[in-house]
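These notes concern the structure reproduced below.
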Protein chains: 2
Amino acid sequence: MAKRERKEAEAGGEVRGRLLSGATALFASKGYAATTVREIVERAGVTKPVLYYYFRSKEGIYLDLMREPFGKFAALVDEAVLEAGSAKDRLFRLCLHAYDIFVENIDAARVMYSIYYGPPQGAPFVDFDAYHHRFQEAVLQVLREGIRDGEFRRVNLSDAMWAVVGALNVAMEVELCHPKQSLGRDGVRRVLELVLEGIVMNRKITGKIRRKT
Amino acid sequence: MAKRERKEAEAGGEVRGRLLSGATALFASKGYAATTVREIVERAGVTKPVLYYYFRSKEGIYLDLMREPFGKFAALVDEAVLEAGSAKDRLFRLCLHAYDIFVENIDAARVMYSIYYGPPQGAPFVDFDAYHHRFQEAVLQVLREGIRDGEFRRVNLSDAMWAVVGALNVAMEVELCHPKQSLGRDGVRRVLELVLEGIVMNRKITGKIRRKT
DNA sequence: ATCTTTATCTACCGATCGGTAAATTTTCCG
DNA sequence: CGGAAAATTTACCGATCGGTAGATAAAGAT
């Protein structure tokens, strides 16, 4: 029984895996609509009906290959919110983990970016927005707690969230366009640091420390 | 002579214009590869060879419709750098102008985003990177002058540029994904303000005012 | 060994793609 | 008005698309 399961995983797993990784690379390099089923199967060294056997359709393989990175991402966000530490540490951790997953899954990320911020291109619907929204909520929560604890100024939560998300996004965007000029974790940290510290020489401290009752 | 030129502009201009705007909308809603020549011409109320008469190919119409917004953008950046004012004012002006053009040309912008940050999708090459680069150079210049004049802290120029570009990008990205939740000019201004002022309560003033010799 | 299930293949389908030849219509100009 | 140029059409092309039927091979179970 154990031997049988292992055999299945190896056989179906290998071809299936080749199709998935090949499709990921092709979707990332050409886009969903401009990638043909023929080139996916050719790349995997099988024939077309094999793709239909494992994935039912071109759409099926697309949906399957998007599932993993976004599942990881969602789990990350849920964990990161629960972690201890200063608001700043937690914010950095959250963003750096997100950045790591992005970089590890750069191909899926590229496809996601293209479709989330661009046209659907005939690709089946994936609720990318839910993932983004969850991340934004996590950032908001950490910011809110930072303000509550007097660590952060009393600023508009939404504005602050966009400032943080913007800093992270731009780092990921450099990764997409200029991998050779990658900011890397250190660069992400520095830009976030700057967003937290500000750029101007003189500023007003808008918020007072809120005493806990 | 004047009469002839006006007639030409009206006739060729009108059909040509309908094809261009229709293609822009379709590329923005479906993507380059998933948009067919048939639907472009159908939308314009002409037949397929008309598109080939005016634009030589599907690629030709794509290249033509990308030319205008990016031409405007480049001109904007060149002008904005020459304007007078405090570094902060200039930075805000530069970013808000860019935001305006983005919003006015949201369809072309959506296609650009999809291709610049995503796969080429069979679309012909447009040097989007040159435009981005030029904008980044403009931001760097304004930041450099702000530091030189003691208006901004002595921070890593590149980091500061990414912080600013990130804030602007995220506003544009909201525009692409959630137009109903548009930050608007005011929102962009506020997020930029926050990036300039920082979020933390306590910070170090790293740079000293540099005396001009 | 045989039978069943799973995995893979060859050959094919109807539909659609970007592009074009040749004919026709419309517009312009002298 | 007629002729030329510009604009538009109908009908067509070869190629490719996603998907599938039926056959076969491979793997697994008894």
Side-chain angles (χ1 to χ4, degrees), chain A residues 1-24 26-27 29-65 111 119-125, chain B residues 1-20 22-24 26-27 29-65 119-125:
Chain A
M1 185 63 95
K3 186 167 184 176
R4 171 181 180 172
E5 289 178 357
R6 206 194 62 188
K7 201 70 177 178
E8 273 188 351
E10 282 182 5
E14 198 205 315
V15 169
R16 205 172 181 283
R18 283 204 321 271
L19 284 166
L20 276 171
S21 61
T24 304
L26 283 165
F27 289 146
S29 66
K30 310 182 80 170
Y32 178 82
T35 297
T36 66
V37 173
R38 280 172 173 86
E39 51 194 342
I40 296 172
V41 297
E42 187 184 329
R43 190 186 172 105
V46 296
T47 56
K48 253 202 308 172
V50 178
L51 184 142
Y52 293 91
Y53 178 77
Y54 286 105
F55 299 107
R56 293 141 288 138
S57 62
K58 182 183 179 181
E59 297 196 341
I61 194 170
Y62 171 82
L63 290 171
D64 277 16
L65 70 83
V111 178
Q121 303 163 44
F125 177 74
Chain B
M1 187 63 94
K3 186 165 184 176
R4 171 181 182 171
E5 289 179 356
R6 207 197 59 184
K7 202 67 176 177
E8 273 187 351
E10 281 184 7
E14 199 205 315
V15 169
R16 206 171 180 282
R18 286 206 317 273
L19 284 165
L20 276 171
T24 304
L26 284 164
F27 288 147
S29 66
K30 309 182 83 169
Y32 179 82
T35 296
T36 66
V37 172
R38 279 173 175 85
E39 52 194 343
I40 295 172
V41 298
E42 187 184 330
R43 189 185 173 110
V46 295
T47 56
K48 256 205 302 178
V50 178
L51 185 143
Y52 293 92
Y53 177 77
Y54 285 105
F55 300 105
R56 294 139 287 139
S57 62
K58 184 184 180 183
E59 299 197 341
I61 192 170
Y62 171 83
L63 291 170
D64 277 17
L65 69 82
Q121 304 162 42
F125 177 74

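Reminder, nothing fancy here: chain letters follow the sequence lines and each chain counts from 1. If you're wondering where the values come from, they're calculated on a predicted model, not measured in any experiment.
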dist B/Ile61:CD1 -> B/Arg56:CZ (nearest 0.5 Å) comes out at 10.0 Å

Using 0.5 Å steps for rounding, measure from the CG atom of B/Leu19 to the CZ atom of B/Arg43.
11.0 Å

In whole angstrom, give the distance that lies between atom [atom1] of [X] and atom [atom2] of [N].
X       : N      : atom1 : atom2 : value
B/Glu42 : D/dT10 : CD    : P     : 13 Å
A/Tyr53 : D/dA26 : OH    : P     : 15 Å
A/Phe55 : D/dG19 : CZ    : P     : 14 Å

The side chain of B/Val15 is closest to which nucleotide in this list: D/dT8, D/dT9, C/dT6?
D/dT8

Verify the contact: side-chain N or O of A/Tyr54 to OP1 or OP2 of C/dT8, cut-off strictly under 4.0 Å; return yes or no.
yes

Salt bridge check: are B/Arg18 and B/Glu14 linked by an N-O gap of less than 4.0 Å?
yes

Verify, without hydrogens or angle tests, whether A/Lys58 (side chain) and A/Tyr32 (backbone) share a donor-acceptor contact under 3.5 angstrom.
yes

Is A/Lys30 reaching over with its side chain to a backbone N or O of A/Thr36, donor-acceptor style, under 3.5 angstrom?
no

At under 4.0 Å between heavy atoms, how does the protein contact nucleotides 10-23 of chain C? Give one character per nucleotide, 5' to 3', with B, S or -.
B------BBBBB--

Nearest heavy-atom approach of B/Leu65 to B/Leu20 is CB-CD2, 3.7 Å

